[in-house]
Amino acid sequence: IIAGLLEPDAGSVMLDGRDITRLAPEKRDVNTVFQNYALFPHMNVEKNIAYGLKLRKLPRRVIDEKVREAAEILDITELLRRKPKALSGGQRQRILIARALAGHPEILLLDDSSSALDYKTDAQLRNAIFSGYQDAAVIMVAQRVSSVMSADLILVLEGGEVIGHGRHEELLVTCPVYREISESQMGGAFLE
């Protein structure tokens with residue numbers, strides 16, 4: 001709904017006071033990264049990151065600058081000349097996120113984009129995004145508690161309904177479902 005791929009049954013999608021509910025996806029300033037590795041196999045990493053910027057017909061100098069900035073944030077500069085088939089899953093995921101960041105969206109929507117990553121790579125990606133890129137609101141759909149523990153706001157959904165909201169520490173106390181998931185995924189580590 002945020003990206004414009006589905007229409008809401010009710011309500012509105014507001015972005016900085018503007019109603020974007022009926023805007024076409026390409027007219028919203030939302031970049032989405034899905035779980036699958038949707039990279040162009042015939043293009044190197046640099047061209048994959050630059051793809052959306054070229055579609056917007058930005059000047060080459062601006063494209064190069066944005067690609068370089070996104071690659072630095074995600075620590076993939078040394079991969080720019082390589083093709084996707086020569087990369088690990090974690091590296092491919094970094095490229096997808098770099099492509100989304102390069103467009104400097106108002107909203108970066110990460111739709112379970114870290115579930116296939118090991119915990120260390122997942123943590124590195126989150127740190128890179130949150131420390132190096134402050135321009136966007138980041139919305140992360142995740143099934144791993146470790147992926148959302150440091151979020152400003154966590155919404156816990158069950159059956160399409162919000163059953164809890166708050167920060168990690170609050171939800172451990174106020175939301176039994178969140179606490180149960182935390183315990184099952186992290187054991188006692190969530191209390192430290």
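When reading the values below, keep in mind they use all heavy atoms of this one structure, side chains included, and skip hydrogens, waters and symmetry mates.
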Notebook entry, point to check: Any side-chain heavy atom of Arg68 within less than 4.5 Å of one from Asp64?
Noted result: yes
Note to self: Quick check on side chain to side chain contact (heavy atoms under 4.5 Å, CB included): which of Asp152, Val148, Leu172 does Arg167 satisfy it with?
What the structure shows: Asp152
Notebook entry, point to check: Considering the options Ile2, Asp29, Thr32, which one meets the side chain to side chain contact (heavy atoms under 4.5 Å, CB included) requirement together with Ile107?
Noted result: Ile2
Note to self: Starting from Val67, can I reach Val62 by hopping between I/L/V/M/F/W/Y residues whose side chains sit under 4.5 Å apart?
What the structure shows: yes
Note to self: Return the OG1 to CD distance between Thr21 and Glu7, rounded to the nearest 0.5 Å.
What the structure shows: 9.5 Å
Check: Where do Glu170 and His165 land on the side-chain contact (heavy atoms from CB on, under 4.5 Å) test, with the steps shown first?
Finding: CA-CA 8 Å; Glu170 296 170 69; His165 61 87; over 6 Å; no
Check: Got Pro84 and Ile95 here, is their nearest side-chain heavy-atom distance under 4.5 Å?
Finding: no
Next item on the list: Output the distance between atom CZ (Arg99) and atom CD (Glu46), rounded to the nearest 0.5 Å.
Entry: 14.0 Å
Item checked: Separation between CE of Met140 and CG of Asp111, rounded to the nearest 0.5 Å -> 11.0 Å
Note to self: Taking CD in Gln185 as the centre, count heavy atoms belonging to other residues, nucleotides or ligands within less than 6.0 Å. Is the count above 12?
What the structure shows: yes
Note to self: For the CZ atom of Arg94 and the CG atom of Leu79, what is their distance to the nearest 0.5 Å?
What the structure shows: 9.0 Å
Next item on the list: Taking the side chain as every heavy atom from C-beta outward, state whether Ile76 and Ile49 have any pair of such atoms under 4.5 Å apart.
Entry: yes
Next item on the list: Treating Ile, Leu, Val, Met, Phe, Trp and Tyr as nodes and any side-chain heavy-atom pair under 4.5 angstrom as an edge, say whether Tyr51 and Ile97 lie in one connected cluster.
Entry: no
Next item on the list: Work out which heavy atom in Gly4 is nearest to a heavy atom in Pro25; give both atom names and the distance.
Entry: O-CG, 3.3 Å
Next item on the list: Grab the two heavy atoms, one from Val177 and one from Val156, that are nearest each other, plus how far apart they are.
Entry: CG1-CG1, 4.4 Å
Item checked: Shortest non-hydrogen contact between Gly103 and Asn31, atoms and distance -> CA-ND2, 4.0 Å
Check: Do Glu69 and Glu65 come close enough that some side-chain heavy atom pair is under 4.5 Å?
Finding: no
Notebook entry, point to check: What's the shortest heavy-atom distance between Ala102 and Leu53, and which atoms?
Noted result: O-CD2, 3.6 Å
Checklist line | Euclidean distance, Arg56 CZ relative to Glu26 CD, rounded to 0.5 Å | finding: 13.0 Å
Note to self: With a sphere of 6.0 Å drawn around CD of Glu78, does it hold more than 12 non-hydrogen atoms of other residues, nucleotides or ligands?
What the structure shows: yes
Check: Would Val13 end up clustered with Leu6 when hydrophobic side chains under 4.5 Å apart are linked, directly or stepwise?
Finding: yes
Checklist line | Cluster overlap Leu5 with Val30, hydrophobic side-chain contacts below 4.5 Å | finding: no
Checklist line | Close side-chain approach of Val162 and Leu157, heavy atoms under 4.5 Å | finding: yes
Item checked: Closest contact, heavy atoms only, Ile1 versus Pro8 -> CD1-CA, 3.9 Å
Next item on the list: Decide if atom CD of Glu161 counts as having more than 12 heavy atoms of other residues, nucleotides or ligands within a radius under 6.0 Å.
Entry: no
Check: Arg82 versus Asn44: any side-chain heavy-atom pair under 4.5 Å?
Finding: no
Check: Does some side-chain heavy atom of Arg28 sit less than 4.5 Å from a side-chain heavy atom of Leu15?
Finding: no
Next item on the list: State whether the side chain of Asn48 and the backbone N or O of Met43 hold a donor-acceptor pair below 3.5 Å, judged by distance alone.
Entry: yes
Checklist line | Straight-line distance of Gln91 CD to Asp75 CG, nearest 0.5 Å | finding: 10.0 Å
Checklist line | Atom of Asp19, atom of Ser12 and distance for their closest heavy-atom approach | finding: OD2-OG, 3.8 Å
Check: With a 4.5 Å limit on heavy-atom distance, are the side chains of Ile154 and His168 in contact?
Finding: yes
Next item on the list: Report whether Leu155 and Val145 are members of the same hydrophobic cluster (ILVMFWY, side-chain heavy atoms less than 4.5 Å apart, transitive linking).
Entry: no
